Amino acid sequence: NLAAGVGILPVGTLILSATASNAALMAAGFAPQVTALGVSWTQTTNDPNGLARYSFGAVTNGGQMWVLGGYGGAFPGSYLHDVWSSSNGVSWTQVTSAASWSARYAFGAVAFNGQIWVMGGFDGATCVHDVWSSTNGVSWTQVTNAASWSGRSAFRAVAFNGQMWV
């Protein structure tokens with residue numbers, strides 16, 4: 001049972017991210033531990049270095065968990081394009097406060113072929129359909145500013161069978 005308030009996740013916890021890794025949950029301060037009886041949750045930290053945000057990207061690449069952009073900060077908040085990494089989900093390092101891609105949320109993020117990929121999303125004015133990649137989270141290369149699919153947000157990107165899918 002993964003319901004909030006049933007002794008597993010705190011009341012009010014809402015998880016709206018799906019990832020093959022546990023980076024999103026670790027960024028929220030929780031570490032899932034699968035047991036023979038199901039899943040239990042251990043809070044790893046109360047404040048993971050100011051990572052409070054939503055609609056962010058979360059991937060694993062190169063033995064690290066990565067948190068990318070999203071929307072957060074002090075009220076009223078702002079669109080973000082920072083990049084954070086962690087090897088354990090407890091200690092997080094901001095590798096850049098301003099990645100080359102525009103600040104955005106509700107975008108696609110995927111790890112593929114040893115690179116981190118950011119694509120699409122909403123930048124505060126419009127749904128974009130650019131694609132960016134990085135091997136280290138600091139240096140980003142724009143692959144295209146206009147992918148063949150239309151601008152979109154709140155979608156998922158996955159790597160499967162040697163390809164990226166939107």
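All residue numbers refer to positions in the sequence shown, counting from 1. Every value quoted in this text rests on a predicted model; they were computed, and no experiment measured them.
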In terms of hydrophobic clustering (I, L, V, M, F, W, Y; side-chain heavy atoms under 4.5 Å; direct or indirect links), are V143 and V128 co-clustered?
no
Write down the atom of L80, the atom of G72, and the distance for their closest heavy-atom approach.
CD1-N, 3.8 Å
For G89 and M65, which heavy atoms make the closest approach, and how far apart are they?
N-CE, 3.0 Å
Test of understanding: clusters of I, L, V, M, F, W, Y form through side-chain heavy atoms closer than 4.5 Å, transitively. Do W149 and V110 belong to the same one?
yes
Between N113 and Q115, is there a donor-acceptor pair closer than 3.5 Å when you use the side chain of the first and the backbone of the second?
no
Quick one: sort the Y71 and Y79 rings into parallel, tilted or perpendicular, breaks at 30° and 60°.
perpendicular
Donor-acceptor contact present, side-chain H129 to main-chain A147, <3.5 Å
yes
Side chain to side chain contact (heavy atoms under 4.5 Å, CB included) with V83: which of I116, L68, T93, V67?
L68
Roughly how far apart are F122 CZ and S102 OG, rounded to 0.5 Å?
11.0 Å
Taking all heavy atoms of R152 and all of C127, pick out the closest pair and write down the distance.
N-CB, 3.5 Å
Look at the side-chain heavy atoms of Ile, Leu, Val, Met, Phe, Trp and Tyr, link any pair under 4.5 Å apart, and say whether V118 and Y54 land in one connected group.
no
Locate the shortest heavy-atom distance separating N136 from V138; write the atom from each residue and the value.
OD1-N, 2.8 Å
Looking only at heavy atoms, the pair that brings M164 and M119 closest together is SD-CE, 4.0 Å
Is V59 close to W117 at the side-chain level, that is, under 4.5 Å between some pair of heavy atoms?
no
For W165, does the CH2 atom sit with more than 12 other heavy atoms under 6.0 Å from it, leaving out its own atoms?
no
Can any side-chain N or O of T144 pair as donor or acceptor with the backbone N or O of A146 at less than 3.5 Å?
yes
Looking only at heavy atoms, what is the nearest atom pair of G108 and A157, with distance?
CA-CB, 4.1 Å
Flag side-chain contact, heavy atom, 4.5 Å: H81 against W132
no
W92 side chain vs L51 backbone, donor-acceptor pair below 3.5 Å:
no
Evaluate the ring planes of F107 and W101, with Trp represented by its six-membered ring, and classify them as parallel (under 30°), tilted (30 to 60°) or perpendicular (over 60°).
tilted
With a 3.5 Å distance limit and no angle check, can you tell me whether S134 reaches the backbone of S139 through a side-chain donor-acceptor pair?
yes
